[in-house]
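Sequential numbering from 1 along the given sequence is applied to the chain's residues.
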Amino acid sequence: MDALETMAISIASVFDTEASIFVVAVPEEKIMELHLNVDNTPQHGITAISELRKCHYDIGKLNVNRLLDIAKLVATSIQEKRVLWISKKTILDKLKKLKEDGEVDSSCLGKAYSRLR
């Protein structure tokens, strides 16, 4: 869950407003079982934590049936309590720590966290 929290905070780093967030963890093997067209696309990874851009994936060739399959995976993960809530304060605190450690590209921070620049 620590890795999931860091990934979620990396996404939040570009938010324009501070907000607590919920993250639903779907097991990778469940996604792979659907034989989705999953591609690693670091060039699409929008985050102020540069190192995590390489972890960005896109799902291509989506249609209504594929979206329904994904929705079922998300619903099952929620039922199985694979949900993580991250408070605004935690996001801010972790971003501050990551910035202190030199892991944040301040030029990519969203308006909500621009005071960290």
Side-chain angles (χ1 to χ4, degrees):
M1 286 299 214
D2 283 344
L4 184 60
E5 182 178 86
T6 301
M7 293 296 287
I9 288 169
S10 76
I11 293 166
S13 71
V14 297
F15 287 1
D16 286 336
T17 57
E18 286 185 15
S20 299
I21 56 176
F22 282 94
V23 180
V24 178
V26 177
E28 183 178 359
E29 64 272 7
K30 296 295 185 185
I31 294 169
M32 301 316 282
E33 286 173 9
L34 291 178
H35 303 289
L36 297 169
N37 183 16
V38 179
D39 293 311
N40 181 234
T41 53
Q43 69 276 17
H44 296 162
I46 301 171
T47 175
I49 305 171
S50 306
E51 180 62 24
L52 294 181
R53 291 181 187 139
K54 67 183 177 192
C55 300
H56 188 276
Y57 288 82
D58 285 329
I59 300 174
K61 299 181 183 175
L62 290 174
N63 58 36
V64 172
N65 290 328
R66 291 293 193 188
L67 289 171
L68 286 171
D69 290 340
I70 293 167
K72 289 175 189 174
L73 286 179
V74 171
T76 299
S77 289
I78 292 170
Q79 289 173 332
E80 293 172 353
K81 301 190 185 325
R82 292 190 181 131
V83 179
L84 178 64
W85 177 77
I86 307 169
S87 70
K88 294 187 293 188
K89 181 179 180 340
T90 297
I91 294 168
L92 184 59
D93 290 347
K94 296 257 178 161
L95 277 174
K96 282 181 185 176
K97 173 75 170 99
L98 289 166
K99 184 171 188 310
E100 290 168 7
D101 293 345
E103 297 183 38
V104 172
D105 177 355
S106 295
S107 68
C108 294
L109 288 170
K111 291 177 186 172
Y113 303 103
S114 60
R115 64 180 176 241
L116 295 177
R117 292 182 187 184

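Looking only at distances, a side-chain donor or acceptor of Arg53 sits under 3.5 Å from a matching main-chain atom of Thr47. A donor-acceptor pair under 3.5 Å is absent between the side-chain atoms of Ser10 and the main chain of Ile49, judged by distance alone. Side-chain atoms of Asp39 do not come within 3.5 Å of backbone N or O of Thr41 as any donor-acceptor pair. Of the possible donor and acceptor atoms, none in the side chain of Thr90 sits under 3.5 Å from a partner among the backbone N and O of Ile86. Here the side chain of Ser87 pairs no donor or acceptor atom with the backbone of Ser20 at under 3.5 angstrom. Judged purely by atom type and a 3.5 angstrom limit, Asp105 uses its side chain to pair as donor or acceptor with the backbone of Ser107.
Between Arg115 and Leu92 there is a side-chain heavy-atom pair separated by less than 4.5 Å. Leu95 is listed as a side-chain neighbour of Ile9, based on a closest heavy-atom distance under 4.5 Å. When side chains are defined from C-beta on, Val83 counts as touching Phe22, because their heavy atoms get closer than 4.5 Å.
Residues Ala25 and Ser77 approach most closely at O-OG, 3.0 Å, considering heavy atoms. The minimum heavy-atom distance between Ile31 and Leu36, with the atom names listed, is CG2-CD1, 3.9 Å. The heavy-atom pair separating Lys96 from Leu116 by the smallest distance is CG-CD2, 3.2 Å. Residue Asp16 comes nearest to Lys111 through the heavy atom pair OD1-N, 3.4 Å, listed as atom of the first residue, atom of the second, then distance.
Under a cut-off of 6.0 angstrom, the local environment of CD in Glu33 is crowded, with over 12 non-hydrogen atoms contributed by other residues, nucleotides or ligands. Heavy atoms from other residues, nucleotides or ligands lying under 6.0 Å from CD of Glu29 number more than 12. The 12-atom threshold is exceeded at CG of Leu34, counting heavy atoms of other residues, nucleotides or ligands nearer than 6.0 Å.
No continuous path of ILVMFWY side-chain contacts below 4.5 Å connects Ile11 to Val14, so the two sit in separate hydrophobic clusters. One hydrophobic cluster holds both Leu4 and Leu98 under the rule that ILVMFWY side chains link at heavy-atom gaps under 4.5 Å. Criterion: ILVMFWY side-chain heavy atoms under 4.5 Å apart, direct or through other members. Under it, Tyr57 and Leu62 are part of a common hydrophobic cluster. The hydrophobic clustering, which links ILVMFWY residues whose side-chain heavy atoms are closer than 4.5 Å, places Ile70 and Ile78 together. By the rule that hydrophobic residues join a cluster once side-chain heavy atoms approach within less than 4.5 Å of another member, Ile46 and Val104 end up as members of separate clusters.
The NZ atom of Lys94 lies 11.5 Å from the CG atom of Asp101; values are rounded to the nearest 0.5 Å. Taking CG of Asn37 as the start and CG of Asp58 as the end, the distance is 9.5 Å to the nearest 0.5 Å. In this structure, Arg66 CZ and His35 NE2 are separated by 8.5 Å, a value rounded to the nearest 0.5 Å. Here Ile91 contributes atom CD1 and Phe15 contributes atom CZ; the two are 6.5 Å apart, rounded to the nearest 0.5 Å. Atom CG of Leu68 and atom CG of Leu73 lie 11.5 Å apart (nearest 0.5 Å). Taken from NZ in Lys99 to CG in Leu109, the straight-line distance is 8.0 Å, to the nearest 0.5 Å.
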Pair Arg82-Val26, side chain to side chain contact (heavy atoms under 4.5 Å, CB included): steps then yes or no: CA-CA 7 Å; Arg82 292 190 181 131; Val26 177; over 6 Å; no

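In this model, no donor atom of one side chain and acceptor atom of the other lie less than 3.5 Å apart for Asn40 and His56.
With respect to the salt-bridge test (charged N to carboxylate O, under 4.0 angstrom), the residues Lys89 and Glu18 do not qualify.
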